**Q** 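Below you will find the structure I want to go over with you.
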Amino acid sequence: MSDDIQTKAADLMKKVLTVGVGAIFLTEDALRGLVSEFKLPKEVLGGILDSAHKTKNEFLQNLSKDVLARVMEKVDPAAVLQEFLTKNEIDLQIKINVKPKKD
């Protein structure tokens with residue numbers, strides 16, 4: 001009986017960890033399906049999904065800020081633009097046609 005309880009506890013912990021990691025990487029539908037296995041009330045399920053959505057957004061915002069900061073440490077935008085302009089010729093053409101409307 002003790003092994004059965006340990007197995008169930010281990011399975012529950014795996015699911016909880018999957019939900020935690022899944023908050024970042026899974027789609028909302030996949031996360032909803034995973035969490036629905038816990039048979040929780042709708043209010044609790046909604047709270048978990050809201051929390052997962054916020055966690056995912058915060059994680060992605062922090063990741064993008066970190067990546068951008070690291071790129072900006074190594075790249076000088078003004079120097080890149082200067083190099084681009086000196087090595088390339090820009091030909092800009094604009095064509096505008098105005099025609100009367102047909103009734």
Side-chain angles (χ1 to χ4, degrees):
M1 188 74 159
S2 177
D3 288 339
D4 188 42
I5 292 173
Q6 287 179 341
T7 303
K8 287 182 180 181
D11 287 342
L12 180 62
M13 287 305 298
K14 286 179 190 176
K15 288 181 180 180
V16 168
L17 289 173
T18 303
V19 169
V21 173
I24 296 169
F25 298 107
L26 295 177
T27 65
E28 184 174 340
D29 289 338
L31 188 58
R32 183 181 302 274
L34 185 64
V35 174
S36 67
E37 293 178 15
F38 292 119
K39 298 178 182 161
L40 300 170
K42 287 184 180 182
E43 297 81 17
V44 175
L45 178 62
I48 290 172
L49 292 173
D50 285 344
S51 178
H53 182 69
K54 288 177 186 175
T55 301
K56 181 178 183 176
N57 285 343
E58 288 175 10
F59 173 78
L60 293 175
Q61 285 177 346
N62 290 336
L63 179 64
S64 61
K65 285 179 186 177
D66 187 47
V67 168
L68 184 59
R70 289 176 187 233
V71 168
M72 294 305 287
E73 286 176 1
K74 298 180 190 254
V75 175
D76 180 12
V80 171
L81 182 60
Q82 179 72 31
E83 181 181 349
F84 177 79
L85 293 174
T86 56
K87 292 184 176 182
N88 296 286
E89 183 179 313
I90 298 174
D91 182 18
L92 178 65
Q93 298 179 12
I94 298 175
K95 182 178 179 180
I96 300 174
N97 291 321
V98 177
K99 297 180 182 180
K101 292 182 181 179
K102 295 181 181 179
D103 291 335

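All values reported here derive from a predicted model rather than from experimental measurement.
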**Q** If Ile, Leu, Val, Met, Phe, Trp and Tyr residues are connected whenever their side-chain heavy atoms lie under 4.5 Å apart, and connections chain through other members, are V80 and M72 in the same group?
**A**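 No, it is not one cluster - the side chains of V80 and M72 are not joined through contacts under 4.5 Å.
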
**Q** When you compare the side chain of K95 with that of N97, does any pair of heavy atoms fall below 4.5 Å?
**A**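 Yes, side chains in contact.
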
**Q** If I take atom CD from residue E83 and atom CG from residue D76, how far apart are they, to the nearest 0.5 angstrom?
**A**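 Rounded to the nearest 0.5 Å, the CD-CG separation comes to 11.0 Å.
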
**Q** For L85, check side-chain contact (heavy atoms from CB on, under 4.5 Å) against everything at least two apart and list the hits.
**A**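 In terms of side-chain contact (heavy atoms from CB on, under 4.5 Å), with neighbours along the sequence ignored, L85 is linked to L81, I90.
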
**Q** So does E58 pair up with K54, basic N to acidic O under 4.0 Å?
**A**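 No, no charged N to carboxylate O under 4.0 Å.
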
